[in-house]
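For reference, the structure is listed below as structure tokens.
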Amino acid sequence: MYRPRHPAPTVTPERLLAFGDAVFAIAITLLALDINVPNGLPEGQVGEALRDVLPDVGAFLLSFSVIGLLWLAHHRMFALVGRIDRPLLYLYFALLADVAALPFPTRLVSEYGDTAVATAVYGGVIGLASLLTTGMAYHLLRHPELRKPDVPMARARRTVLEGSIVAVVFATSVPMTLVSPTAAKYWWLLILLRHFPLNRETPDEDDTAPTA
């Protein structure tokens, strides 16, 4: 049986989840701050100014959706957590740092979305967030004593599988930007595949299976 060598007894899952919710909310709020038009425009130039901010609006909607999906994923992952150890805590802090930095690649893709560099940076940041969430779920899969008592191994496996699909889609989009940034963006739609494994009901398995 695994015994955490570096437990974090003073941090409860509920406190961590509340902290994470605040970080996600602030990141989403900061996205909207980049949408603005110049002050004091004559009436005839307002329409043109609004057209100029359309890329910013598109980048905002994209990142709002992505952050929303990441928030839902991290809540699904925390539904498994019964106890926190230091590896789990460090992975979570890394995830929150990645999420807090999302306004920067969002701004980058709104200004230079047709370039390979901007698209690759954006895809890489999202892929890293998905990988960190999946890493947390995998840690829980390997160490069932960290999970809630009523969480079966099959559910933890499904969480890992779903996160892995998202991480792979965004990670593989990075080299695709060298061929076509636009194709890489359409490639992101493959994250919809993450629903298929979850729609197939699998019997819950006994946690007495080996976890090495």
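The first residue in the sequence is number 1, and the count goes up from there.
- No donor-acceptor distance shorter than 3.5 angstrom exists from the side chain of Thr119 to the backbone of Ala116, with no hydrogens or angles considered.
- A pairwise comparison of heavy atoms in Pro13 and Arg83 identifies CG-N, 4.3 Å as the closest pair.
- Put simply, the side chain of Lys185 never gets that close to the backbone of Asp114: no donor and acceptor are under 3.5 Å apart.
- Judged by distance alone, the side chain of Thr159 and the main-chain N or O of Arg155 form a donor-acceptor pair under 3.5 Å.
- Closest non-hydrogen pair, Pro144 versus Leu141, comes out as CD-O, 4.2 Å.
- Looking only at atom types and distance, the side chain of Tyr122 has a donor-acceptor partner in the side chain of Ser63 under 3.5 Å away.
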Query - Steps toward side chain to side chain contact (heavy atoms under 4.5 Å, CB included) verdict (Met136, His74) - result: CA-CA 9 Å; Met136 294 178 70; His74 110 283; over 6 Å; no
Query raised in the report: Between Leu62 and Thr106, is a side chain to side chain contact (heavy atoms under 4.5 Å, CB included) present by the stated rule, with each step listed?
Result: CA-CA 8 Å; Leu62 172 63; Thr106 299; over 6 Å; no
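- Closest of all the heavy-atom pairs between Ala100 and Pro103 is O-CD, 3.2 Å.
- Taking CZ from Phe64 and CG from Leu69, the interatomic distance works out to 10.5 Å, rounded to the nearest 0.5 Å.
- The main-chain N or O of Gly123 is never found under 3.5 Å from a side-chain atom of Ser173 such that the two would form a donor-acceptor pair.
- Just one residue in the list Leu88, Leu17, Leu146 forms a side chain to side chain contact (heavy atoms under 4.5 Å, CB included) with Val81, and that residue is Leu88.
- Each of Val168 and Leu161 belongs to its own hydrophobic cluster when Ile, Leu, Val, Met, Phe, Trp and Tyr are linked at side-chain heavy-atom distances under 4.5 angstrom.
- Pairs passing the side chain to side chain donor-acceptor pair (under 3.5 Å) check and including a residue from residues 126-135, sequence neighbours excluded, do not occur.
- Under a hydrophobic-cluster definition in which Ile, Leu, Val, Met, Phe, Trp and Tyr are linked whenever side-chain heavy atoms come within less than 4.5 Å, directly or via other members, Leu131 and Tyr138 are assigned to different clusters.
- Taking 4.5 Å as the limit, every side-chain heavy atom of Phe24 sits out of range of all side-chain heavy atoms of Ile28.
- Cluster annotation: Phe19 and Phe78 are assigned to the same hydrophobic cluster (Ile/Leu/Val/Met/Phe/Trp/Tyr, side-chain heavy-atom contacts under 4.5 Å, transitive).
- Annotation for Phe60 and Leu31: closest pair CD1-CB, 3.6 Å, computed over non-hydrogen atoms.
- Taking all atoms of both residues into account, the shortest heavy-atom contact from Met176 to Ala183 is CE-O, 4.0 Å.
- When each of Ile191, Leu189, Leu190 is checked for a side chain to side chain contact (heavy atoms under 4.5 Å, CB included) with Trp187, only Leu190 meets the rule.
- The side-chain hydrogen bond (donor to acceptor under 3.5 Å, both in side chains) search around Trp71 returns Asp21, His75, not counting sequence neighbours.
- For Arg147 (side chain) and Leu80 (main-chain N/O), no donor-acceptor pair under 3.5 Å exists by modelled atom type.
- Annotation for Pro175 and Ala171: closest pair CD-O, 3.3 Å, computed over non-hydrogen atoms.
- Within the model, atoms CG of Leu30 and CG of Leu102 stand 10.5 Å from one another, a figure rounded to the nearest 0.5 Å.
- Neither Val174 nor Val121 shares a network with the other; the hydrophobic side chains, linked directly or stepwise wherever heavy atoms of I, L, V, M, F, W or Y lie under 4.5 Å apart, form separate groups for each.
- Every salt bridge (Lys or Arg N to Asp or Glu O under 4.0 Å) that Asp56 has, sequence neighbours left out, goes to Arg107.
- Grouping the Ile, Leu, Val, Met, Phe, Trp and Tyr side chains by contacts below 4.5 angstrom, directly or via other members, places Tyr90 apart from Ile84.
- In this structure, CG in Asp98 is found 4.5 Å from CG in Leu128, a value given to the nearest 0.5 Å.
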